[in-house]
Amino acid sequence: MAGIGPLSEEGLVRLLNYKGKRVKNAKFASYAEDLTPDDLRGFWRDMMLTRAFDNEATSLQRQGELGLWVASLGQEAAQIGSASVLRDPDYVFPSYREHGVALKRGIDLPEILRTFRGHQHGAWDPAAHRFHLYTLVIGAHSLHAVGYAQAMDWDGLVGSGKPEADGAVICYFGDGATSQGDVNEALIFASVNNAPIVFFVQNNQFAISESTTRQSKVPLAQRADGVGMENVRVDGNDAIAVHAVTAWAMEHARSGAGPVMIEALTYRMGAHTTSDDPTKYRTKADEDYWRERDPIARLEAHLNSLGELPEDFVDSVAAECKEMGKRTREAVRSWPKPPKHLIFEHVYAEPHARVEAERTWFERYEATFADAEVAR
Amino acid sequence: MTATVSSQGEAAPEAPSTVRTLTLAAAINAGLRAAMDRDPKVVLMGEDIGPLGGVFRVTDGLHKDFGERRVIDTPLAESGIVGTAIGMSMRGYRPVVEIQFDGFIFPAYDQITTSLAKLHYRSQGRITVPVVIRVPFAGGIGAIEHHSESPEALFAHTPGLRIVAPATPQDGFDMIQQAIASPDPVLFFEPKARYWDKGEVDTARVATQLDADAGASQGTAEMGSARVASPGSDVTLLAYGPTVRLALQSAVVAAKDGVSVEVIDLRSISPIDFDTVLASVKRTGRAIVVHEAPVAFGTGAEIAARISELAFFHLEAPVLRVGGFHTPYPGSTHEHDYLPSLDRVLDAVDAVMAH
């Protein structure tokens with residue numbers, strides 16, 4: 001990786017070129033060997049469903065149903081490819097754009113929108129899905145992920161001699177997060193403690209408006225070199241390559257061999273959020289270049305070249321996507337406004353006098369409006 | 001030549017008006033521009049403040065006009081932003097840093113409280129650290145978690161920091177320049193829900209003040225002083241930043257019930273201008289503090305304690321506080337139940353008038 005910048009495509013692990021043709025890779029091809037056409041169709045379906053959900057959420061925000069939306073558009077291969085190797089004992093710490101990973105962890109995707117509709121800060125049971133809540137404070141969760149991984153190790157879930165029973169943590173964050181102190185501390189803690197964790201960096205090339213070149217002079221994966229951690233750069237728009245490197249990395253971590261950092265170079269095809277306007281800081285030529293490298297189109301081209309994307313399958317996925325959109329719309333519109341007393345719920349695990357006093361005051365205060373209604 | 005000829009014999013043209021109508025965001029932008037024009041040592045740093053102009057566009061156009069050496073898009077690291085600003089300020093630069101949202105200031109909390117606030121003290125005054133930290137703060141805009149918080153009391157509790165919050169475009173324009181001119185570190189809390197409110201801004205007065213000798217100390221004194229935003233005689237409403245408008249609305253409604261409310265815009269939370277506060281409370285005998293931050297251990301608690309110490313025998317009623325609850329800032333569907341509202345302020349007015 002000597003002498004290349006943080007956006008260079010040089011040396012990326014790639015198993016599909018951007019036209020969907022298989023290419024060789026001595027180290028990682030074996031990790032994709034077992035993938036059947038059925039598996040690849042499954043990747044394609046999951047990417048399509050993620051995008052259908054994502055596009056629907058963007059529309060719902062435009063219609064005023066959501067306060068904000070954070071699109072995953074363009075990052076589907078990085079997310080589905082990596083999450084495809086996860087199994088039950090593994091635990092995921094996402095940032096806030098990992099809707100594809102959420103799908104693979106069994107989250108009913110519309111549930112994510114409760115947060116973006118302003119109903120609650122965390123809408124799913126993290127333990128049930130082994131998928132932590134989204135974290136908006138950039139990089140803060142990377143340290144939680146390391147601690148969780150250390151505790152998994154202490155609890156005998158790593159390198160037990162029964163590989164199928166072993167687990168590890170995978171922690172997702174973006175290029176911007178790699179500048180945070182927390183993330184750098186996470187790399188250090190993971191390394192010196194040999195924690196069973198894979199740091200999965202989606203380098204989507206932008207921290208809101210700032211190019212990754214504002215965060216780093218060198219490929220982000222090189223951050224791991226400084227702490228003596230295994231690392232690899234992969235083409236994040238190649239679902240097969242992402243699957244292969246993540247399979248290798250998770251095996252490494254689960255076996256007790258230590259942490260790994262994966263940098264998946266991808267492209268944020270949409271805005272940072274629905275509040276953002278990318279025309280202020282990037283060119284159409286740049287967007288066009290990456291639209292050519294759309295991860296879904298790439299896998300689709302590959303499946304077509306194999307003659308493994310039959311029309312009836314395409315039709316069934318199209319129907320599923322349509323249903324996903326419909327279900328998402330209906331779910332969001334069906335949620336009643338949560339009751340006001342929720343403000344005071346769960347601040348503490350045990351009663352706290354101050355919160356209880358304020359809750360009592362608030363209930364009395366609210367009741368005065370009800371009394372006024374009755375009096376009228 | 002024609003112009004010269006035609007102007008002969010006519011009255012000298014009037015000086016162009018220095019009064020403009022600006023939004024709060026545009027007023028702060030204009031204030032930053034004026035400070036950068038005045039002093040080449042003023043540099044701006046933050047996330048997305050360059051070509052994008054900041055997520056609220058407060059630095060719009062400054063990167064284009066002053067270049068990337070003076071308007072710096074930093075790596076995404078708040079501790080790094082504040083920590084490097086401290087080093088720059090030690091060489092006479094005047095960094096004005098933007099923390100993108102209130103809830104994201106905490107990675108820098110260590111740098112702010114253990115270094116920025118203390119270097120002057122620790123060095124027996126040999127080191128000054130004139131860093132300004134701009135923080136869009138408070139809620140009411142339907143934002144997601146960590147984007148609506150009011151952490152000012154955490155910093156006001158830290159000796160060595162000056163804490164101010166403008167409520168109007170005029171104050172936004174004046175106070176940002178006064179903060180930059182101040183030799184002390186200043187946390188400059190900008191009420192984000194008020195960014196788009198318009199008001200008249202006279203751009204001349206603060207320039208005269210800061211261009212004069214001892215301009216910085218005059219500016220520091222002025223941004224530390226409270227302002228009577230609306231006079232009254234029965235109740236004193238004390239507010240700052242986003243709640244000044246709410247207090248003014250409350251005064252209008254209360255007047256219809258025959259209650260005369262005086263609204264004081266504190267402008268500064270550290271220090272608090274108790275001369276102005278006490279003069280008002282001694283006249284009205286009743287005080288209510290309104291802020292968005294949680295009431296417990298907040299700015300209002302400090303004000304209430306000082307009023308009871310210094311004006312106890314003038315009080316007709318206990319000092320009340322209207323503000324956020326002792327809960328994390330809730331999801332946006334509930335933020336208007338959490339935040340102080342017209343009804344809650346008027347309830348408090350009724351309560352103190354009942355004494």
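The sequence lines fix the lettering, A, B, ..., with proteins before strands; numbering per chain opens at 1.
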- line: Residues B/A85 and B/P95: closest non-hydrogen pair is O-CG, 3.3 Å
statement: Under 4.5 Å to a heavy atom of chain A? For B/F325 that would be both
Short donor-acceptor separations (under 3.5 Å), chain B to chain A:
{"from": "B/D48", "atom 1": "N", "to": "A/E210", "atom 2": "OE2", "distance (Å)": "2.8"}
{"from": "B/D48", "atom 1": "OD1", "to": "A/S209", "atom 2": "N", "distance (Å)": "2.7"}
{"from": "B/D48", "atom 1": "OD1", "to": "A/S209", "atom 2": "OG", "distance (Å)": "2.6"}
{"from": "B/D73", "atom 1": "O", "to": "A/R214", "atom 2": "NE", "distance (Å)": "2.9"}
{"from": "B/D73", "atom 1": "O", "to": "A/R214", "atom 2": "NH2", "distance (Å)": "2.6"}
{"from": "B/L76", "atom 1": "N", "to": "A/Q215", "atom 2": "OE1", "distance (Å)": "2.9"}
{"from": "B/L76", "atom 1": "O", "to": "A/Q180", "atom 2": "NE2", "distance (Å)": "3.4"}
{"from": "B/E78", "atom 1": "OE1", "to": "A/Q180", "atom 2": "NE2", "distance (Å)": "2.7"}
{"from": "B/H326", "atom 1": "N", "to": "A/E358", "atom 2": "OE1", "distance (Å)": "2.6"}
{"from": "B/H326", "atom 1": "NE2", "to": "A/Y348", "atom 2": "OH", "distance (Å)": "2.9"}
{"from": "B/Y329", "atom 1": "O", "to": "A/H121", "atom 2": "NE2", "distance (Å)": "2.9"}
{"from": "B/S332", "atom 1": "N", "to": "A/G118", "atom 2": "O", "distance (Å)": "3.2"}
{"from": "B/T333", "atom 1": "N", "to": "A/G118", "atom 2": "O", "distance (Å)": "3.1"}
{"from": "B/T333", "atom 1": "O", "to": "A/K337", "atom 2": "NZ", "distance (Å)": "3.3"}
{"from": "B/T333", "atom 1": "OG1", "to": "A/G118", "atom 2": "O", "distance (Å)": "2.6"}
{"from": "B/H334", "atom 1": "NE2", "to": "A/P338", "atom 2": "O", "distance (Å)": "2.9"}
{"from": "B/H334", "atom 1": "NE2", "to": "A/P339", "atom 2": "O", "distance (Å)": "3.3"}
{"from": "B/D337", "atom 1": "OD1", "to": "A/K340", "atom 2": "NZ", "distance (Å)": "3.3"}
{"from": "B/R344", "atom 1": "N", "to": "A/Y365", "atom 2": "OH", "distance (Å)": "3.3"}

task: Measure B/I81 against the heavy atoms of chain A and call it side chain, backbone, both or neither at under 4.5 Å.
output: neither
query: Can you say whether A/P278 sits under 4.5 Å from chain B via the side chain, the backbone, both, or neither, judging by heavy atoms?
result: neither
- request: Could you tell me which portion of A/L68 (side chain, backbone, both or neither) has an atom closer than 4.5 angstrom to a non-hydrogen atom of chain B?
  value: side chain
message: Using a 6.0 Å cut-off, check whether atom CZ of A/F206 has over 12 heavy atoms from anything other than its own residue.
response: yes
- request: Apply side-chain contact (heavy atoms from CB on, under 4.5 Å) to B/A30 and list each qualifying residue two or more places apart in sequence or on a separate chain.
  value: B/R20, B/L22, B/F173
- prompt: Rounded to the nearest 0.5 Å, what separation is found between the OG1 atom of B/T113 and the CG atom of B/L154?
  reply: 10.0 Å
message: If we define contacts as heavy-atom pairs under 4.5 Å, which of A/I343, A/V347, A/V137, A/V183 has the most with chain B?
response: A/I343
message: Run B/V97 and B/R134 through side-chain contact (heavy atoms from CB on, under 4.5 Å) and show every step you take.
response: CA-CA 6 Å; B/V97 310; B/R134 295 182 37 245; over 6 Å; no
- request: For B/L246 and B/P340, work out which heavy atoms get closest and say how close.
  value: CD2-O, 3.5 Å
